[in-house]
2 protein chains.
Amino acid sequence: MKRLIFDARLKSVPEPTLRRLPMYYRYLKELQKEHWSSVSCTNIGEEFRFEPTQVRKDLEMTGIVGKPRVGYPVAALIAAIKQFLGFNNVNEAFLVGAGSMGSALIGYNKFQEYGLNIVQVFDNDPSKIGKQVHGKTILALDKLPEMARQMRILIGIIAVPAAAAQDVTDLMLSGGICALWNFAPARLQVPDSIIVHNEDLYCSLASLSQKVAQALRSREKVEPSPLPVQATGKEDNLTNARGVYAQTQNKLRLPDLDDRMPGDEVLRN
Amino acid sequence: MKRLIFDARLKSVPEPTLRRLPMYYRYLKELQKEHWSSVSCTNIGEEFRFEPTQVRKDLEMTGIVGKPRVGYPVAALIAAIKQFLGFNNVNEAFLVGAGSMGSALIGYNKFQEYGLNIVQVFDNDPSKIGKQVHGKTILALDKLPEMARQMRILIGIIAVPAAAAQDVTDLMLSGGICALWNFAPARLQVPDSIIVHNEDLYCSLASLSQKVAQALRSREKVEPSPLPVQATGKEDNLTNARGVYAQTQNKLRLPDLDDRMPGDEVLRN
DNA sequence: TCAATATCGAGAAATATTTCTCGATATTAA
DNA sequence: TTAATATCGAGAAATATTTCTCGATATTGA
């Protein structure tokens with residue numbers, strides 16, 4: 001039976017902080033372009049509609065020290081976040097799946113600024129092998145393990161249909177890859193030592209869907225005013241107490257059982 | 001000055017719950033395929049390595065009622081989650097940006113099962129207009145507001161470069177769209193009444209990056225003694241106290257040249 | 001110089017979320 | 001039938017996260 005014992009050695013970065021820091025990072029880069037020399041938590045908080053104290057606590061994690069009445073030097077703050085989030089040591093990654101999602105990812109040209117460099121692209125479709133996507137040649141999937149081992153690749157990006165995701169995962173792990181960024185709508189079975197970061201658009205859509213449904217329900221109930229919701233987009237993708245509060249609770253109608261059987265989990269290639 | 005006053009009327013769905021429910025949903029569909037008739041919180045918890053109680057609290061939000069010693073009927077539970085997340089009332093959406101990300105999104109063929117139906121695709125590149133993507137004809141962007149109004153579209157999907165995102169947003173809002181799914185790496189300025197759901201891959205990558213960096217750091221510090229690790233990929237994308245703690249402690253297992261894996265598995269064709 | 005003020009840093013308080021505990025109940029097996 | 005047991009539901013406890021408070025300090029302007 002597991003116990004609720006707090007162990008300070010295990011203290012870590014709060015997930016919400018980890019989601020907000022990159023947002024600050026980009027904003028700070030904008031400020032830098034506009035030649036701001038320093039910035040306060042109030043400034044940042046206003047931009048994102050967060051409490052200044054929350055911003056301050058987040059920044060505290062990076063080890064930066066500010067000055068009362070002034071704030072933080074923009075350049076130093078950017079550097080601190082960059083260091084903290086690990087953008088300085090860029091890791092090389094292999095991507096599997098040269099379909100439209102894979103191609104879209106390869107097209108992202110600033111992953112390097114966030115610590116990621118996609119160095120090879122793989123697919124198992126013979127008609128794709130040898131062709132180029134955004135300047136990168138597609139290689140045969142079965143070459144992945146050996147190459148990953150030789151190049152000491154740490155990160156694998158999975159952009160294949162759900163049905164193939166587990167096989168690709170196994171292949172990556174056999175090549176020594178130990179962190180996965182998974183775009184397939186599937187749960188991956190991996191050992192505990194492997195870092196998995198799921199980017200499941202169906203799951204992400206679900207929360208949007210719920211918010212829209214809730215907004216529609218409260219619109220029907222309250223009045224035909226077209227603006228029923230109070231949450232702001234800037235608060236989204238976060239755990240923010242006020243944002244959560246802002247959502248109104250609605251009672252459910254009874255479940256109706258006309259649930260169609262799903263098709264298979266396969267993304268189009 | 002805002003106050004910390006709790007108002008039960010504003011009580012709402014916890015964000016973490018909202019992220020977990022869709023995961024359960026897909027898993028339950030798998031169980032249904034395997035002809036499970038009922039499922040317990042213990043079953044679900046084991047699959048995702050969550051505490052059964054947490055699963056129970058999550059399911060409670062949907063209004064489902066279970067039986068002691070038995071669990072929940074699978075079909076009814078699926079229906080309850082579906083209803084709760086708003087998958088039953090499918091909303092029509094417009095998508096702007098027929099680039100690689102836009103194409104990838106149009107290719108997702110099961111958004112309908114999650115409450116979303118992409119009905120029109122727009123772009124402002126004359127060379128793309130009139131062409132088809134996954135069977136959908138690309139229309140000129142300037143037709144969006146009028147069509148959105150006529151068709152009473154509520155949801156807009158933004159898959160354009162960051163520089164164009166705000167303009168597209170304004171155009172969508174002028175057409176009466178009130179919920180945005182934003183794939184552009186940019187903050188959108190919108191009124192408080194608008195729901196914005198950001199899908200910023202750079203920000204998402206940041207948290208993976210931080211975890212990899214931390215794992216590498218702690219590996220260097222702690223020495224090559226393989227400490228017991230508790231994090232699992234399945235816990236990812238969540239705020240889970242134990243998971244968060246565990247991730248901190250995660251020691252990345254780095255590839256080792258001596259560690260040959262003869263007979264690498266190869267994907268079936 | 002000195003008062004006014006914005007902001008930081010730290011710690012306390014409030015709120016959210018997770019985990020534990022326990023009584024009730026349905027199923028299984030003796 | 002009855003005992004053993006797994007699980008639910010609800011509420012309490014523990015832990016996480018956010019928000020508040022306050023003393024200290026740097027800047028601005030009188």
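Any value given below was found using the heavy atoms of this structure, including those in side chains, with hydrogens, waters and symmetry copies removed. Below, chains carry the letters A, B, ... as their sequence lines are ordered, and counting in each starts from 1. Since we're looking at a predicted model, the values are computed, not measured.
Ring to ring, Tyr202(B) and Tyr25(A) are not that close: their centroids are 6.0 angstrom or more apart.
Comparing atom distances between the Glu51(B) side chain and each of dT27(C), dC20(C), dG9(C) picks out dC20(C) as nearest. Of the listed nucleotides (dT27(D), dA12(C), dA4(D)), dA4(D) has the atom at the smallest distance from the side chain of Arg69(B). The listed nucleotides are dT27(D), dT17(C), dG9(D); the one nearest the side chain of Val70(A) is dT27(D). Residue Lys57(B) places its side chain closer to dA12(D) than to any other of dA12(D), dC8(C), dT17(D). Nearest nucleotide to the Glu60(B) side chain, out of dC8(C), dT27(C), dG9(D): dG9(D). In this structure, the nucleotide among dT7(D), dT17(D), dT7(C) sitting nearest to the side chain of Arg56(B) is dT7(D). In this structure, of dT5(C), dT18(C), dC8(C), it is dT18(C) that holds the atom nearest to the side chain of Gln54(B).
Rounded to whole Å, atom P of dG9(D) lies 13 Å from atom CG of Asp58(B). In this entry the distance linking CZ of Phe50(B) with C1' of dC20(C) reads 18 Å, nearest Å.
An OP1 or OP2 oxygen of dA26(C) is reached within less than 4.0 angstrom by no side-chain nitrogen or oxygen of Tyr72(B). Regarding contacts with the backbone of dT18(D), every side-chain N or O of Thr53(A) stays at 4.0 angstrom or more from both OP1 and OP2. Taking side-chain N and O atoms only, Arg20(A) has a distance below 4.0 Å to OP1 or OP2 of dT18(D).
Between Arg49(B) and Asp192(A) a salt bridge is recorded (basic side-chain N to carboxylate O distance below 4.0 Å).
Across all strands shown, dC22(D) pairs with dG9(C); the Watson-Crick or G-U wobble distances both stay below 3.5 Å.
Listed by chain and number, the residues in a side chain to side chain contact (heavy atoms under 4.5 Å, CB included) with Ala165(A) are Ile158(A), Val160(A), Ala184(A), Ala186(A), Leu188(A) (sequence neighbours excluded).
Ring-plane geometry between His197(B) and Trp181(B) is classed as tilted, the angle between the planes lying from 30 to 60 degrees on a 0 to 90 degree scale.
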